[in-house]
Amino acid sequence: MGANPVLDDGSPRSASPARGEGDAALLDAYSAAVVAASDRVSPAVVHVEVAQAPRSAEGEPPRRGSGSGFVFTPDGFILTNSHVVHGARELKVFLADGRKLAADLIGDDPDTDLAVIRVSADELASLHRDFVQAVTQGQESVERNHR
């Protein structure tokens, strides 16, 4: 059969911290990182309200929904979810600075659940390109909403 693997080579080790002490430090560091990231991106986060056509022609009011997104270019392009805006008749975007703007649907991909909408406004806060490009597949994410 072969030799069994050595699991403990007998070398001295430092004492492990009491259970929970190391976890508390990790959670504090994680919380600090989430707060810092949230502070950095919050100005670019938007709330999206959607009105869709009624399901029947019998005077039913328009269906409504909402979601979030973020401005990713200074000229008003916003990334959001397809399931939020798909089939929308009217889109309204609420910015972190309190402005309420009409938006246009630019593109919608239900297979990836991504959509791009656009608002027209001056002085839009947007995520810096380097920040967006630094995100990689598989990274943990945190959703940030203003509503």
Asker: Mind running side chain to side chain contact (heavy atoms under 4.5 Å, CB included) on Ser68 and His47 for me, showing each step along the way?
Answerer: CA-CA 5 Å; Ser68 62; His47 177 76; 5.7 Å; no
Asker: Check whether any side-chain N or O of Asn81 sits under 3.5 Å from a backbone N or O of Ala115 as a donor-acceptor pair, and report yes or no.
Answerer: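 Not confirmed, Asn81 side chain does not pair with Ala115 backbone.
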Asker: Would you check, one step at a time, whether the test side chain to side chain contact (heavy atoms under 4.5 Å, CB included) holds for Val116 with Ile78?
Answerer: CA-CA 6 Å; Val116 175; Ile78 297 169; over 6 Å; no
Asker: Identify, with sequence neighbours excluded, every residue that meets side chain to side chain contact (heavy atoms under 4.5 Å, CB included) alongside Ser120.
Answerer: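 Checked Ser120 against side chain to side chain contact (heavy atoms under 4.5 Å, CB included); zero matches.
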Asker: Please assess Leu114 against Ser82 for the test side chain to side chain contact (heavy atoms under 4.5 Å, CB included), listing each intermediate value before the final yes or no.
Answerer: CA-CA 5 Å; Leu114 293 175; Ser82 172; 5.8 Å; no
Asker: What pairs of donor and acceptor atoms, side-chain ones from residues 88-95 against any protein atom, are under 3.5 angstrom apart with sequence neighbours left out?
Answerer:
none

Asker: Which pairs count as salt bridge (Lys or Arg N to Asp or Glu O under 4.0 Å) when at least one residue sits in residues 98-111, sequence neighbours excluded?
Answerer: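 For residues 98-111, and leaving out neighbouring residues, the salt bridge (Lys or Arg N to Asp or Glu O under 4.0 Å) pairs sorted by first residue read Asp97-Arg99.
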Asker: Taking all non-hydrogen atoms of both residues, which atom of Arg64 and which atom of Ala51 are closest, and how far apart?
Answerer: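 Residues Arg64 and Ala51, closest heavy atoms: NH1-CB, 3.2 Å.
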Asker: Going through the checks in order, is the side chain to side chain contact (heavy atoms under 4.5 Å, CB included) test met by Leu127 and Val71?
Answerer: CA-CA 7 Å; Leu127 292 186; Val71 181; over 6 Å; no
Asker: Calculate, to the nearest 0.5 Å, the distance between atoms OG and CZ belonging to Ser126 and Phe70 respectively.
Answerer: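 So the OG of Ser126 and the CZ of Phe70 are separated by 10.0 Å.
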Asker: Flag the pair Val85 / Val48 as yes when at least one side-chain heavy-atom distance between them is below 4.5 Å, and no otherwise.
Answerer: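 In contact.
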Asker: Once you round to the nearest 0.5 Å, how far does CG of Leu124 lie from CG of Leu101?
Answerer: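 Going from the CG atom of Leu124 to the CG atom of Leu101 covers 7.5 Å.
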Asker: Please tell me if the side chains of Ile117 and Ile106 come closer than 4.5 Å, counting only heavy atoms from C-beta onward.
Answerer: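 Answer no - side chains too far apart.
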Asker: Would you say the side chain of His86 lies within less than 4.5 Å of the side chain of Leu105, judging by non-hydrogen atoms?
Answerer: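 With C-beta onward as the side chain, the pair stays apart.
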Asker: Judged by atom type as modelled, is there a donor-acceptor pair below 3.5 Å linking the side chain of Arg118 to the main-chain atoms of Asp75?
Answerer: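 The answer is yes, because a donor-acceptor pair under 3.5 Å joins these two groups.
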